[in-house]
Engineer: 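A single structure is presented below for examination.
Quick note on labels: first sequence line is chain A, next is B, and so on, each numbered from 1.
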2 protein chains.
Amino acid sequence: MARAEKRPVTVRTIAEHLGVSPAAVSTVLANRHEERRLAPATVERIRQAVRELGYVPNVAARRLRAHDPEVRHAELGILTSFEAPLFLVSRTLRMVQEAVDARSTGGRKFSVSIDMFHAGRLAEMPGLLSASRFNGVIIANTLPDDDAFLRATTLPYAVVVQGRRLANYSCVLETPGEGGRQAAKLLRARRSVRPAVLVPALLTETTADRATAFASALQAAGQPQPARIQADGFSPAAGAAAVAAHLRREPDCDGIFAVTDTLALGALHALKAAGRAVPEKVAVVGVGDHEHADFFDPPLTCVGPAYERVVAEIVTLLFEVMNRRRVRPTEVFVPPSVVRRASA
Amino acid sequence: MARAEKRPVTVRTIAEHLGVSPAAVSTVLANRHEERRLAPATVERIRQAVRELGYVPNVAARRLRAHDPEVRHAELGILTSFEAPLFLVSRTLRMVQEAVDARSTGGRKFSVSIDMFHAGRLAEMPGLLSASRFNGVIIANTLPDDDAFLRATTLPYAVVVQGRRLANYSCVLETPGEGGRQAAKLLRARRSVRPAVLVPALLTETTADRATAFASALQAAGQPQPARIQADGFSPAAGAAAVAAHLRREPDCDGIFAVTDTLALGALHALKAAGRAVPEKVAVVGVGDHEHADFFDPPLTCVGPAYERVVAEIVTLLFEVMNRRRVRPTEVFVPPSVVRRASA
DNA sequence: GCTTGCGCCTAAATCGATTTAGCATTTCCC
DNA sequence: GGGAAATGCTAAATCGATTTAGGCGCAAGC
């Protein structure tokens, strides 16, 4: 392991160390020493020093120097938590990439990459505050702590937030309340009279909204409040354990609205283990955030945002903000879609 | 949309346009005009010009200037295809992030991000060849075209390849042949005598290796060659369609080895639809690349790499290559693990 | 009238790597 | 022996943004 010197090793450091010029070092690093006729002995000395001093090139400097000055390059990022449903992120990336390719011309290029943070610890992400990493970002899958941080800080570059409402940024999200209302409607259509809502311990703004809207939709329809099943985490295992425990306490449960599909997958598992037929005995509704919800057993009926439209809106907004054609933040609501499959 | 001017708009462009200095423009962009006492009228003129000319900051230049010279910053990337099983990528990222955090000190920082390319079109990834984007990368989920490209090009920075053998790079992969052999063993233990192997149309090196090793293991055991079921893509739907067709042609099929879990998921679906009990009538083996394989119906028995170890080896190698402690590429094999669940 | 202070702005250095033009030597050849 | 060519290297400019030190002009104060 390289020793921790005070100052980073640059091309100049190496040059001074050997008594040659930075040009010579750079030449060797780029493997151009043949065409530039450096003496083999010098090349070897430089190589050695590069190794011994633990040189790490500065990519920012290289880019600055190397970039084609005819081309404007913009860096876009998708910031999401490790704990997020990944397939949505990859779908977002793919759609952003397409949108961005469509806007690329000879004189304008974009790069898109995914950066992840631990849910609730967005604030610790290095370089987030400094405007020297991204020209624009999409932030998704934040927890309330992250939202609080974002509300308190105005990042010095273009930002679009997915799935929550923050006054200082442009946001795109599912029409508030609609997901929960639709879920209630689906379960009532199945004649569920003792429905429950399955939630993770840590709720995002979106999942919390679904749960509360579900409860008030039931109330508005004159039904009793749903039982609240709280799972330890987001995984199917957590969902299964929580539902199994609930079925023991409330054997009459006849409907479950799971605020994420992974929890719904666990619920299906627990119901099967307990011998309850889905949807005959217990109807189950998820939210369409799992890639393979139609291959669950039974296939999962979902309410949830129309991701195509959500991503399209996000990209449009992001470009407006980046181009400074939009200065005041705005909110865009996308109504959830309903996909009926077998589970409800 | 901003017009496509010849030269990119820089701070200097704006300054010259207005007859002020670049310092003034920069001051306004950083919102430091109050403390630096720029006249409000000037601030407004600059803001206007910034908007009109469509200025996009150059993040490379900002980083170069802004970085703390006491800290050496390394950029790491995970390069993977859009079509890859994402949960593996996120797991890799998480483990890389941890490994990297452990190696971060006051004087040494790392950033890790995911960049994606279309399977088979790695070569089109912008900036891949130029050493000005990453200090080191992990490349995973490539198709043969990508491998050919990589074999022909030696990227000018640290590279570790996951899941295939390329002579010019360090590689980490499942012990060749072992996955297929273990799958054959599992199916023979289930007394499957007419097994089939389910493959996607486009095989990666790893999936191809699994299929051929499976065939030769059967042969070595004196069994006939397995039928080859070819699915259109990697999705469960493709797998289900291919398996349904196969069952019509070969009703006696009693075992399936699917070279990816998503295909296995489709197979389970098709078998259920055809009324074949799993594992009693048909045993199914997957490869452990799906996050929720133990929540499939029935839970999927898998052979596949021990990802923890794979990622650990990759990270170790990547740092060795970056620090120039390793110059000659090497290959590391990780024996596959076997997870017995209900499907075989 | 001369200093002091303030308001407003600029020149120039800097970050790290790369490349171009070109300067000394040495070698070659007639 | 003299010019030409080859060899081996360096100085300095450059990429774009930021910041520090400081300049100029005008008003206030003594």
Engineer: In whole Å, I'd like the distance from the CD atom of A:Glu35 to the C1' atom of D:dG8.
Structural biologist: 15 Å

Engineer: Search all heavy atoms of B:Cys171 against all heavy atoms of B:Leu317 and return the closest pair with its distance.
Structural biologist: O-CD1, 4.2 Å

Engineer: With heavy atoms under 4.0 Å as the rule, sort A:Ser26 into base, sugar-phosphate or nothing.
Structural biologist: base

Engineer: What is the distance, rounded to the nearest whole Å, between atom CZ of A:Arg12 and atom C1' of D:dA11?
Structural biologist: 12 Å

Engineer: Looking at five pairs on each end of the helix from C:dG1-D:dC30 to C:dC30-D:dG1, what is the angle between the two axes, given to 10 degrees?
Structural biologist: 70°

Engineer: Can you tell me how far C1' of C:dG16 sits from CD1 of A:Ile14, to the nearest Å?
Structural biologist: 11 Å

Engineer: Measure the distance from CG on A:Leu18 to C1' on D:dC9 and round it to the nearest whole Å.
Structural biologist: 14 Å

Engineer: If every non-hydrogen atom of A:Leu64 is compared with every non-hydrogen atom of B:Asn58, which pair is closest and at what distance?
Structural biologist: CD1-ND2, 4.2 Å

Engineer: Output yes when at least one side-chain N/O atom of A:Tyr55 is less than 4.0 Å from OP1 or OP2 of C:dA17, else no.
Structural biologist: yes

Engineer: Check whether NZ of the Lys or CZ of the Arg B:Arg103 lies under 6.0 Å from the centre of the six-membered ring of B:Phe319 and within 45 degrees of that ring's axis.
Structural biologist: yes

Engineer: If you round to the nearest 0.5 Å, how far is CZ of A:Arg72 from OG1 of B:Thr10?
Structural biologist: 10.5 Å

Engineer: Between P on C:dA17 and NE2 on A:His67, what's the gap in Å once rounded to a whole number?
Structural biologist: 16 Å

Engineer: Please list each protein N or O that sits under 3.5 Å from an N or O in nucleotides 8-10 of chain C, with the distance.
Structural biologist:
residue	atom	partner	partner atom	Å
C:dC8	N4	B:Arg37	NH2	3.1
C:dC9	OP1	B:Thr42	OG1	2.7
C:dC9	OP2	B:Ala39	N	2.7
C:dC9	OP2	B:Thr42	OG1	3.3
C:dT10	OP1	B:Ser21	N	3.3
C:dT10	OP2	B:Ser21	N	3.0
C:dT10	OP2	B:Ser21	OG	2.9

Engineer: If I take atom CG in residue B:Asp68 and atom P in nucleotide D:dT19, what distance separates them, rounded to the nearest angstrom?
Structural biologist: 14 Å

Engineer: Report the distance from atom CZ of B:Arg32 to atom P of D:dA17, rounded to the nearest whole Å.
Structural biologist: 17 Å

Engineer: Would you check if the side chain of A:Thr42 reaches a backbone N or O of A:Leu38 as a donor-acceptor pair within less than 3.5 Å?
Structural biologist: no

Engineer: Atom CG of B:Asn31 and atom C1' of D:dT19: how far apart are they, to the nearest Å?
Structural biologist: 16 Å

Engineer: Tell me, which of residues 57-65 of chain B have any heavy atom that sits under 4.0 Å from an atom in DNA chain D?
Structural biologist: B:Pro57, B:Asn58, B:Ala61, B:Arg62, B:Arg65

